[in-house]
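The chain is numbered in sequence order, starting from 1.
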Amino acid sequence: MDRLQQQQQLQHQQQLQQSHHVQPPMPHYQQQDMPFRIDPGVPFREPRDPHSNSVETMSLPPQALYPSQQSAAVSLPRTSSADWSTLSSGGSFSAAFPPSPRSPSSLHRRGGSMRSRSSQASYASRASVTSGNSLANDTAAVSRSHRRSRSDASVISIMSYTGSEVVAPEELSEEPVLFVSPPPKNLICMICEQVFSDPVIAKCGHTFCRMCVMNTPPGGVCPMHQQSLSKNNVISNLTVVEQINELDVYCKYGLKQATEGEPGGYERDPDGCTHVVRLGDRRHHESTCPYAPVACPNSALCEKVLQRDLEDHLRTCERYSCSHKARGCEFEGTQENLQEHLKSCKFESVKELLQESDARLSLLAQDAESKDQEIGFLRSMLAKLSERLERMETLFEMRVDGLDENFTRLSEDLRETMRSVNDTQTEVSAIQSKLGLVDGDIDLLSASHMFKCKGTFVGHQGPVWALAVAGDLLFSGSSDETIKVWDTSTSFKCKRTLQAHRGIVHALCTHNHKLYSGSSDCTVKMWDIDTLELEETLEGHDNPVCTLAIANGLLFSGSLKNIKIWDLHSRQPIAKLTELNHWVRALVATEHLVAAGSYQTISIWTADPTALLETSGAPPKLQQLRTSGGSVYSLCVSEDFVIAGTYENLIHVWDIRTFEEVATLEGHGGTVYSLVLMSHGGGKGRLFSASYDKTIKVWSLDTFSCLQTLLRHQNSVDALVVQRGRLFSGAADSTVKVWQ
């Protein structure tokens, strides 16, 4: 009992010592928002956070994959804190951080991986090592005994951190480690001078312990290249992990505290286990080692014995309890006494009855638990139904109120529209007369006109990505793989649904009574507008078709890093525009030029068919414009400007004659997905821009100022088209709205 009390007092003292090491609270992991449209393999334009950070790709030098190349710089000279400050310059090797005053051979486990305590110490300022020979003299330092945790070192540490604060799991245990031979230098961390624990490759290309990198103070640098050590851009070095697992160590049950050398070290115990195992197999051996101390299964009051002595102990153990102890039997004795006791135990005579009662009670408990779960499920379902009913009631009331407001507003709009129709017709006729126009196909707009939502087309089952017009027909392409045809003159209803694509319809355009549609199924389909029937499928792309444009009898289709040119008469591909650095999401073609937008660039070629086809290779570019707002998602060209909308919420405007940037329009809170122009007499016209922020902005190209913001969609606005003074907008809320 005296020995038991001493062990309890020792455990109490250790708990008190560990209680002084308070771990900081674990923060929530701050993961960077990833935009939905960061150019994956398929250019599916899902809504994404407009303020999210772009993803940075880290390229590693060759030495990151071959840690053995660091062997000349792994073993750092050990220096006391006093000697560290006296080091002078002149050597060819520099050490970034001094070792901890605590013994560097003492290792303990954080979250299942090795961790050197010296890597947790405060780091001093960088100093230069003067003696080049000190590297070779410190090889023996590695062979000192180590304390090491679980042998499966390939397990990556589970840690979360924010800024410079490093948080490890609260559970912390220490286990001794003694290597059979000194570990190779290429497996020693240059910062803590210990065998790598959870090795990671830093941005500089060298390998360090993960905790050494995470605990680096602001301004800390790589000991070799003097580059800043980044805590974010690190990659686990699995090659080094496998090499560490191959090291030979002694079983921990064959070690004892060293009588000489550093405090806390270990040496061989001649009375212990003599087994030598690979570090990766250590856990398996120690789980069955005959020298492992085990507790007596009869009572916690018994002292621990070696695994090989357990059988002998059980033969003489005096703490065997009666099998009916839970029912109140207080017997305790040897195994032989237990057999004699069972013959006279009052509970043994009714053993079968007690077992049957226990079985029934267990079944009743299981039934009760099952019923409780069913009741809990029914309660949760009832709560959800009640909540849903309340939402439906609230929504119904809101919609009734909205209908009343809409009816009042429509009545007012109707009266206002009737008053303005005559004035508008007079102005249009006068402008057409001045411009020599016979028909009314050109969209004209008075300078003071303010747009209002006049209606909504509903029918798609997914986001609307593309719009096109031909006469009185409006075509809309959607994620539901269909193209809907809407009447915009009389019935304002869907006339037909075209179904032939097997993917998202990304692009639409019309020409000479033909409708062309591009899809993520990598095809372009041609439809007859008069019969609304499919005429032909153009195949040739290896990736989704993102955008379409037509000029001078040629069809241009944009995909990943290339634009195919099709002859509309033969319907065959005749050329290809290449040298594009990303997805071609924006494409526009006029009589004189073809412009395509990719990542931070706008490439411009001539639209002359002869010039496009006469060269043997890819046609040369006339101009290449640069942007600073990420990928270009929308383009339009007027008589005066080339205009582009970008990923970073900006609209860039260049002079079409000099290709000099004349303005940058700011105001959107998300990616600018579509741009369209509408002319008006006496000016350069108006620009309409659709964005992820659910708005449509109206800009004056004379003053480059925002005239109006249209907000009626419930999700990202992705497509725009104009027709006779009206604006149509398609959005991710599966609707098409009409503005006038």
Side-chain angles (χ1 to χ4, degrees), residues 46-51 379-421 423-424 445 448-465 467 474 476 478-480 482 484 486-495 497 667-670 673-674 688-698 706-723 725-740:
E46 288 288 344
R48 61 101 183 89
D49 185 2
H51 303 291
R379 286 179 177 175
S380 62
M381 292 298 297
L382 181 60
K384 291 180 179 179
L385 290 175
S386 300
E387 183 179 356
R388 185 176 179 181
L389 181 59
E390 292 178 358
R391 288 200 304 266
M392 293 180 63
E393 291 178 353
T394 303
L395 181 61
F396 177 76
E397 294 176 356
M398 292 175 59
R399 289 188 175 181
V400 169
D401 296 338
L403 288 175
D404 293 338
E405 295 177 359
N406 290 338
F407 179 77
T408 304
R409 185 169 58 254
L410 288 174
S411 299
E412 296 176 354
D413 291 345
L414 180 61
R415 289 192 294 269
E416 182 179 353
T417 301
M418 294 301 294
R419 289 194 298 268
S420 62
V421 164
D423 296 337
T424 302
L445 186 65
S448 60
H449 182 79
M450 300 299 289
F451 279 83
K452 296 182 180 180
C453 183
K454 300 298 183 180
T456 303
F457 291 127
V458 179
H460 279 295
Q461 301 301 314
V464 178
W465 298 119
L467 294 174
L474 170 69
S476 59
S478 170
S479 293
D480 59 13
T482 67
K484 288 190 177 293
W486 309 89
D487 180 8
T488 64
S489 61
T490 56
S491 64
F492 299 99
K493 295 182 179 179
C494 180
K495 294 184 61 176
T497 298
H668 278 297
Y673 286 147
S674 183
F688 297 84
S689 59
S691 171
Y692 173 81
D693 61 9
K694 309 177 186 179
T695 67
I696 304 169
K697 289 189 178 293
V698 186
C706 181
L707 304 177
Q708 189 179 359
T709 299
L710 310 178
L711 177 59
R712 292 296 291 273
H713 282 289
Q714 302 300 315
N715 214 321
S716 169
V717 186
D718 304 301
L720 296 175
V721 70
V722 295
Q723 179 198 51
R726 291 180 296 183
L727 173 70
F728 298 90
S729 60
D733 59 10
S734 308
T735 66
V736 178
K737 292 190 179 296
V738 186
W739 309 83
Q740 192 172 14

Which atom names give the shortest non-hydrogen contact between [X] and [Y], and what distance separates them?
{"X": "Ser691", "Y": "Gly670", "answer": "OG-O, 3.1 Å"}
{"X": "Gly725", "Y": "Gln740", "answer": "O-CG, 4.0 Å"}
{"X": "Asp733", "Y": "Gln714", "answer": "OD2-N, 3.0 Å"}
{"X": "Arg712", "Y": "Cys453", "answer": "NH1-CB, 3.5 Å"}
{"X": "Ser478", "Y": "Pro463", "answer": "OG-O, 2.9 Å"}

Considering residues at least two apart in sequence or located in another chain, which fulfil the side chain to side chain contact (heavy atoms under 4.5 Å, CB included) criterion with Ser729?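 Scan of Ser729 (side chain to side chain contact (heavy atoms under 4.5 Å, CB included), adjacent residues dropped) gives Ile696, His713, Val717, Leu720, Lys737, Trp739.
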
Just jot down the salt bridge (Lys or Arg N to Asp or Glu O under 4.0 Å) partners of Lys452, sequence neighbours excluded, or say none.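 If we apply the salt bridge (Lys or Arg N to Asp or Glu O under 4.0 Å) test to Lys452, skipping adjacent residues, the hits are Asp413, Glu416.
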
Which residue pairs pass the salt bridge (charged side-chain N to carboxylate O under 4.0 Å, His left out) test when at least one of the two sits in residues 392-405, sequence neighbours left out?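 Listed once each, the pairs would be none.
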
Taking only residues two or more places apart in sequence or in another chain, which ones pass side chain to side chain donor-acceptor pair (under 3.5 Å) with [X]?
{"X": "Arg391", "value": "Glu387"}
{"X": "Thr394", "value": "none"}
{"X": "Thr490", "value": "Asp487"}

Is any side-chain heavy atom of [X] closer than 4.5 Å to a side-chain heavy atom of [Y]?
{"X": "Thr735", "Y": "His460", "value": "no"}
{"X": "Leu710", "Y": "Thr695", "value": "no"}
{"X": "Asp718", "Y": "Tyr692", "value": "no"}
{"X": "Trp486", "Y": "Phe492", "value": "no"}
{"X": "Phe457", "Y": "Leu474", "value": "yes"}

To the nearest 0.5 Å, what is the distance between [atom1] on [X] and [atom2] on [Y]?
{"X": "Ser734", "Y": "Asp480", "atom1": "OG", "atom2": "CG", "value": "7.5 Å"}
{"X": "Arg388", "Y": "Ser386", "atom1": "CZ", "atom2": "OG", "value": "12.0 Å"}
{"X": "Asn406", "Y": "Arg409", "atom1": "CG", "atom2": "CZ", "value": "4.5 Å"}

Worked check of side-chain hydrogen bond (donor to acceptor under 3.5 Å, both in side chains) between Lys697 and Ser689: CA-CA 5 Å; Lys697 289 189 178 293; Ser689 59; over 6 Å; no

Without hydrogens or angle criteria, can the side chains of Ser476 and Lys484 be said to hold a donor-acceptor pair below 3.5 Å?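 No pair is found: no donor N or O on one side chain lies under 3.5 Å from an acceptor on the other.
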
Can Leu707 and Met450 be said to form a side chain to side chain contact (heavy atoms under 4.5 Å, CB included), step by step? CA-CA 9 Å; Leu707 304 177; Met450 300 299 289; 5.8 Å; no

On the 0 to 90° scale, with breaks at 30° and 60°, tag the Phe688-Phe451 ring pair as parallel, tilted or perpendicular.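 Perpendicular: the ring planes of Phe688 and Phe451 meet at over 60°.
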
Can you confirm whether Lys694 is buried at NZ, in the sense that more than 12 heavy atoms of other residues, nucleotides or ligands lie under 6.0 Å from that atom?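 Atom NZ in Lys694 is not packed in, count stays at 12 or less.
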
